[in-house]
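Have a look at the structure below before the remarks.
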There are 2 protein chains.
Amino acid sequence: MRPREFDNDDVLRIAFDQFWRKGVRGTSLSDIARDAGVQRGSLYNAFGSKEALLLQAYERYAGGYLVALQEALGAGSLRKRLTAFFDLTITNFRSGSPPRGCPTTRGLMELGAAEGEGLDEDARKAFANLVSRITALVEDTLSAGAERGEFDGNPTSAALHIITVTRGLAVLERAFDDEPQLRKIAAHTIDLVLGKGGR
Amino acid sequence: MRPREFDNDDVLRIAFDQFWRKGVRGTSLSDIARDAGVQRGSLYNAFGSKEALLLQAYERYAGGYLVALQEALGAGSLRKRLTAFFDLTITNFRSGSPPRGCPTTRGLMELGAAEGEGLDEDARKAFANLVSRITALVEDTLSAGAERGEFDGNPTSAALHIITVTRGLAVLERAFDDEPQLRKIAAHTIDLVLGKGGR
DNA sequence: CCATGTTTTTGACGTCGTGTCAAATATTGA
DNA sequence: TCAATATTTGACACGACGTCAAAAACATGG
């Protein structure tokens, strides 16, 4: 059979970068094809549809991001871990020039229309799934911290609160384009959750 | 001159409902024209472009929403005010069937692409502006509460925190479609900000 | 070494979206 | 009544998604 003329993973990487920068609906398959040096039809042959391509590109991103998150959450005091968590989160939002924002949050709001087309639904689930997995990581970290006496609240509630704040940060990032503001909110959140004093 | 055959405000109302349900990019001018019983060209004549129509439709919504917010924030103890604030926020997200989510947050993420087309920028600013105005209302409420001895933190930081949580709630609403969860997070946030005990 | 089969590539097509334009139309006011 | 003016209408250009059949490139087996 005829061999494929492009590397599958290269295309996923290029496609996700475009989705990240311009949004899913703002990125056309022609854009991706041009950038990847591939014919538009070849993308349909290889991936099936725009949503399917998005899905694969996003999984690729999510995998790497989860690894980085686990690392950030895995060392030092609970306060240090949460600080590293917010740092990574905000740094990720502010990566690129101009900053690209949070792809997960954008995808969720972009494809989470009340009356979506239907194929979008799979992508929406993938975005929601990453949020769930991050929440679980944060909750585990808080639970471990609680056992070590570094935290005495409810890990489940606190993790949900923290995740909510990170999603809010993603929105404020787009609204105000003010990185110091994001970092202040993050620090304030950590103080609220752990108690402002020492701990 | 020839009189206009439709009511301007009717069209704005119908248009915003569609934008809210299906998202800005997911709503075509043909959809709006059909729903309003107006020819597509007439919309261009009356409003100029899709973004301009969105802008006017959104201003119309924002005005009404701000009034409702002020009412929610204007009566009772600080705790009651904040509870009413979150109630209104979540009820707004969950209005419609299926629930339509938060139009502001969706608009911000949908049009806040790093590489937007340019005309979208005005709409993005309008969304961000509502967020700013809500933040100011919350901050005023907290300041007043502080003067009455109901709150002893920094009103500015706390207001920013609360606004961040509401934006996060808008995202989680799309992600998990779980209204009780949203209300739990809201209650938890109020406890964190005001102190869990009495106050 | 060639023929066959399989996959990829390529280009044309249909449909729908935005936005523009000129021509037709309906009022108002002189 | 008639001219001026704004609105409506339909055609057009352009770009998006997705489909399809024909062409092309390779691998394998004879």
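Residue numbers begin at 1 in each chain, while the letters A, B, ... track the order of the sequences. Values reported hereafter were calculated over all heavy atoms of this structure, with side chains retained and with hydrogens, waters and symmetry mates removed.
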Ignoring the backbone of [X], work out which of [options] is nearest its side chain.
{"X": "B/Asn45", "options": "D/dT8, D/dG18, C/dT9", "value": "D/dT8"}
{"X": "B/Met1", "options": "C/dG19, D/dA6, D/dG18", "value": "D/dA6"}
{"X": "B/Arg4", "options": "D/dT7, C/dT8, D/dC17", "value": "D/dT7"}
{"X": "A/Ser28", "options": "D/dA16, C/dT8, D/dC12", "value": "D/dA16"}
{"X": "B/Glu5", "options": "C/dT9, D/dC17, D/dT8", "value": "D/dT8"}

* Name the residue closer to the 5' end of DNA chain D, choosing between A/Asp31 and A/Gly48 according to the nucleotide with the nearest heavy atom. => A/Asp31
[N] phosphate, OP1 or OP2: any side-chain N/O from [X] under 4.0 angstrom?
{"X": "A/Gln39", "N": "C/dT9", "value": "no"}
{"X": "B/Ser42", "N": "D/dT8", "value": "yes"}
{"X": "A/Arg2", "N": "D/dA24", "value": "no"}

To the nearest Å, give me how far apart [atom1] ([X]) and [atom2] ([N]) are.
{"X": "A/Leu43", "N": "C/dT9", "atom1": "CG", "atom2": "P", "answer": "9 Å"}
{"X": "A/Gln18", "N": "D/dC17", "atom1": "CD", "atom2": "P", "answer": "11 Å"}
{"X": "B/Phe47", "N": "C/dT20", "atom1": "CZ", "atom2": "C1'", "answer": "18 Å"}
{"X": "B/Ile32", "N": "C/dG17", "atom1": "CD1", "atom2": "P", "answer": "11 Å"}
{"X": "A/Lys50", "N": "C/dT15", "atom1": "NZ", "atom2": "P", "answer": "21 Å"}
{"X": "B/Asn8", "N": "D/dT8", "atom1": "CG", "atom2": "C1'", "answer": "15 Å"}
{"X": "A/Phe19", "N": "D/dA16", "atom1": "CZ", "atom2": "C1'", "answer": "13 Å"}

* Answer with base, sugar-phosphate or nothing: what part of the nucleic acid does A/Phe6 contact at a heavy-atom distance below 4.0 Å? => sugar-phosphate
* Base of D/dG18 paired with side chain of A/Arg40 (donor-acceptor, under 3.5 Å) -> yes
Salt bridge between [X] and [Y], side-chain N to carboxylate O under 4.0 Å?
{"X": "A/Arg13", "Y": "A/Asp7", "value": "no"}
{"X": "A/Arg94", "Y": "A/Glu173", "value": "yes"}
{"X": "A/Asp17", "Y": "A/Arg21", "value": "yes"}
{"X": "A/Asp191", "Y": "A/Arg79", "value": "yes"}

* Asked: Are A/Phe16 and A/Phe19 near enough that their ring centres are under 6.0 Å apart?
  -> no
* Which residue lies toward the 5' end of DNA chain C, B/Pro3 or B/Gly41, if each is placed at its nearest nucleotide? -> B/Gly41
